[in-house]
K.L.:
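So that we are looking at the same thing, I have put the structure below in structure tokens.
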Amino acid sequence: MTSTNVRKDAEDSGPSGYAAARLRLLQEGARSGPPRRSALAELTDDWLSGLFTAGNEQVRGVSLIAVGGYGRSELSPRSDLDLVLLHDGSDPGAVATLADRIWYPVWDLGLALDHSVRTPAEARKTAAEDLKVQLGLLDARHIAGDLGLTTGLRTAVLADWRNQAPKRLPELQELCAERAERQGELQYLLEPDLKEARGGLRDATTLRAVAASWLADAPREGLDDARRRLLDVRDALHLTTGRATDRLALQEQDQVAAELGLLDADTLLRQVYEAARVIAYASDVTWREVGRVLRSRAVRPRLRAMLGGGKPVAERSPLAEGVVEQDGEVVLARAARPDRDPVLPLRAAAAAAQAGLPLSLHAVRRMAAGGRPLPTPWPAEAREQLVTLLGSGRPTIEVWEALEAEGLITRMLPDWERVRCRPQRNAVHIWTVDRHLIETAVRASEFTRRVHRPDLLLVAALLHDIGKGWPGDHSVAGEIIAKDVAARIGFDRDEVAVLAALVRHHLLLVDTATRRDLDDPATVRSVAEAVGSQGTLELLHALTEADALATGPAAWSSWRGSLVADLVKRVSAVLAGDDPDEPEAAAPTAEQERLAIEALATGGPVLSLRAQTEPPVDAQPSGDPEPLGVELVIAVPDQPGVLPAVAGVLAVHRLTVRTAELSTQELPDGVEGAVLLLNWRVAAQYGSLPQAARLRADLVRVLDGSLDVAARLAERDAAYPRRRGVIAPPARVTVAAAASRHATVIEVRAQDAPGLLFRIGRALEDAGVRMRSAHVSTLGANAVDAFYVTDGKGVPLGAGEAASVARKLEETLRG
């Protein structure tokens, strides 16, 4: 039966005819989605128009209007009918009679009805008082009666909305936030509310209202399709349940999937999550733009007065090479070239997460459209920026979602596609697989002070469930995938082996601790054999806790934690005999020996500054080389204060220390004196490297006391206060027991920051200890440093003195 015949039946047969025509329409297998919703709205329009004009009574100055979803012609099978009977106030009695003639047949059919009778002035007044009423009227659509009356109200309501938008949009944003807090995020819920949850149909409608204000508009790409998908799922839910419900309950998901012609409930949920993710991301971008516009409107009059009426120039603050902050967002610098800088997306993302700022939509789309793919294996900087991003705590989530929205994550990590938006049908899990992996990295960032290799911990957190996109045991499949991903990222063979082991055994500790007898030596021995080393055990312990905390409240408790800690202690005892002795110092190179002799001869510091490069793996013969970093070698006659002096000079020149080694240089026979040799790998935070001669000149001045580095750094910090970004875990300083027979090893784990190494070196000098050697590394945003110190006589510190030094250093770094 055609839609024309269906409407004719409704007109001819009254309410019963409408009910029959409605039923036939909903049972048509050939029509679904937007065509069916539109046809249902048109059928209902015809029926209500007939009710409006029944009896040939002419009621002047009255119109019947559809609002809300019905106003948008989006009637689902069990949708409410949202109606307004608008009148000019000239004949209230006739209007009341007309209202009864329309409302009662609707109620008699058992249809849900949201109705009101108002004059235009009353409608505008109610809209001004009730934001929900105003949002509904924005979608007002004429059904019957006085078209001029309807048009006048629509025009007035839109004008009111645009005039009041600066005041009402913040109110609307607050309502959206409160609703999200109550209902949760649609893209992660196992039984989501398709309408009210964050990223649902209510948010999609809100984006239409924001666009109608003319203050901001949502990113359009994919938004209409996402909204259509959610409406289709709601239609199927109404048809399978026979109820006006928006909650997609577990027991109904298979039926809904079948109604939509989908493979199974998991496929259904994945489509729902993908749609919700598009809407949620569009909402985030839109509300940021609203905030920016409203702030600029508030500030612009004052700026114009200060600048004599000229147009203000947006301030741009550098964050990293090719990345700046502008208007509270991270954008690309004017000179940035995504087509020539494959690391730019990761560098921008890491800078945004560290600063606690969102990535600009324009910047992400520019990098996605014109970016150059990363070579295989990745350059060292790309790996470091990924680790920095993963270690940035909560801000990582928003930045990651921005990259994922434009396909950058799956471009860099193709295996991510299989876990993206994948549901977990497990009451313990509260997230999809991909969000769980990011949540685990966020949790792991809190434990980076507990491990020697925080970079391996963070990457293992990202990959530990990557096998859930494949058949079989996800730990076994994940081990294979992790090996491939880790090698592609650029980890060496030993590091790849550790990451693979962490992924393969990420459930080992908690499963063994809660399911096996820990007093049985065979239990502990089997875990020790699987883990293999103290370093891997340390990482696995932290990963286990991060994984459990990111799963949900039911996955971790103090009891479970104590069982796992007990198992780790027992396994560590078994592995203790395998600990390697303190490594021997490497023989100096010819250049290092030359610099040491020259330093002794001149009585001052000498240095060598040399960039290291290698051609990219996939480069053409004319391709530019990929930077590996800059090697800085410094030789200084043995004297107090060398480490803080050098570290301070590097901080003043905005050089980031990636690795550093300090040792006493053994000179050739016949050469008297002692020289300290410092071998660094550094990188400019942004801009070009300083000249070696300038570095040397400043180092001479620091050593002779004519340059106060501490004052210079304090002045700079005062001039450029730190942005409010990620709140890092506090620094942790420990004494490594029995790590060396010749010195006391002080270990420092802290958030990397300009001047950090300077502060550490100066604190150790103030403690009166003698530094035998230092081993400094920066892994992502984490500094992991070990300092081999002795007393003035060259022997290890006593236990009490060592603990005192560690405690004072920790207080200094936390102060």
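Predicted, not measured: the structure shown is a model, and the values here were computed from it.
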K.L.:
Take a 6.0 Å sphere around CD of Gln691 and say whether it holds more than 12 heavy atoms from other residues, nucleotides or ligands.
P.N.:
no
K.L.:
Look only at the side chain of Arg383 and the backbone of Gly490, and say whether a donor-acceptor pair between them is shorter than 3.5 Å.
P.N.:
yes
K.L.:
Using 0.5 Å steps for rounding, measure from the CZ atom of Arg288 to the CG atom of Leu359.
P.N.:
8.0 Å
K.L.:
Under the side-chain hydrogen bond (donor to acceptor under 3.5 Å, both in side chains) criterion, do Glu591 and Ser608 qualify, and how do the steps go?
P.N.:
CA-CA 9 Å; Glu591 182 186 27; Ser608 168; 2.9 Å; yes
K.L.:
Between the side chains of Glu381 and Arg347, is the shortest nitrogen-to-carboxylate-oxygen separation below 4.0 Å, so that they form an ion pair?
P.N.:
yes
K.L.:
Going by atom types alone, do Ser317 and Glu325 pair a side-chain donor with an acceptor below 3.5 Å?
P.N.:
no
K.L.:
Do the charged groups of Glu810 and Arg749 touch, with an N to O distance under 4.0 Å?
P.N.:
no
K.L.:
Hey, are Glu384 and Arg681 close enough for a salt bridge, meaning a charged N less than 4.0 Å from a carboxylate O?
P.N.:
yes
K.L.:
Using a strict threshold of under 4.0 Å (side-chain N to carboxylate O), is an ion pair present between Glu289 and Arg292?
P.N.:
yes
K.L.:
Do you know which of Val633, Leu655, Val646 makes side chain to side chain contact (heavy atoms under 4.5 Å, CB included) with Trp680?
P.N.:
Val646
K.L.:
Could you work out, with side-chain hydrogen bond (donor to acceptor under 3.5 Å, both in side chains) as the rule, every residue matching Arg337, not counting sequence neighbours?
P.N.:
Asp339
K.L.:
Inspect the contact between Arg443 and Glu439 and indicate whether a charged nitrogen and a carboxylate oxygen are less than 4.0 angstrom apart.
P.N.:
no
K.L.:
How far apart are the closest heavy atoms of Leu357 and Val399, and which atoms are they?
P.N.:
O-CG2, 4.0 Å
K.L.:
Shortest non-hydrogen contact from Val364 to Ala402?
P.N.:
CG1-O, 3.5 Å
K.L.:
Of all residues at least two apart in sequence or in a different chain, which pass the salt bridge (charged side-chain N to carboxylate O under 4.0 Å, His left out) check with Arg732?
P.N.:
none
K.L.:
Do Glu747 and His452 get their side chains close enough for a donor-acceptor pair, meaning under 3.5 Å?
P.N.:
yes
K.L.:
If you look at every heavy atom in Ala461 and Thr440, which pair is closest and at what distance?
P.N.:
CB-CG2, 3.7 Å
K.L.:
Going by distance alone, is a donor N or O of one side chain under 3.5 Å from an acceptor N or O of the other, for Gln326 and Arg316?
P.N.:
yes
K.L.:
Would the number of heavy atoms belonging to other residues, nucleotides or ligands and lying under 6.0 Å from CZ of Arg814 be above 12?
P.N.:
yes
K.L.:
Taking atom CZ of Arg450 as the centre, report whether more than 12 heavy atoms of other residues, nucleotides or ligands fall under 6.0 Å from it.
P.N.:
yes
K.L.:
Ser804 side chain to Gly800 main-chain N or O, any donor-acceptor pair under 3.5 Å?
P.N.:
no
K.L.:
Tell me yes or no: between the side chains of His775 and Ser777, is some donor less than 3.5 Å from an acceptor?
P.N.:
no
K.L.:
Quick check: do Val682 and Leu650 have side-chain heavy atoms less than 4.5 Å from each other?
P.N.:
yes
K.L.:
Please indicate whether Arg449 has more than 12 foreign heavy atoms, meaning atoms of other residues, nucleotides or ligands, lying under 6.0 Å from its CZ.
P.N.:
yes
K.L.:
Arg366 and Ala333: which non-hydrogen atoms are nearest, and at how many Å?
P.N.:
NH1-O, 4.2 Å
K.L.:
Can you name the salt bridge (charged side-chain N to carboxylate O under 4.0 Å, His left out) partners of Glu495, sequence neighbours left out?
P.N.:
Arg453
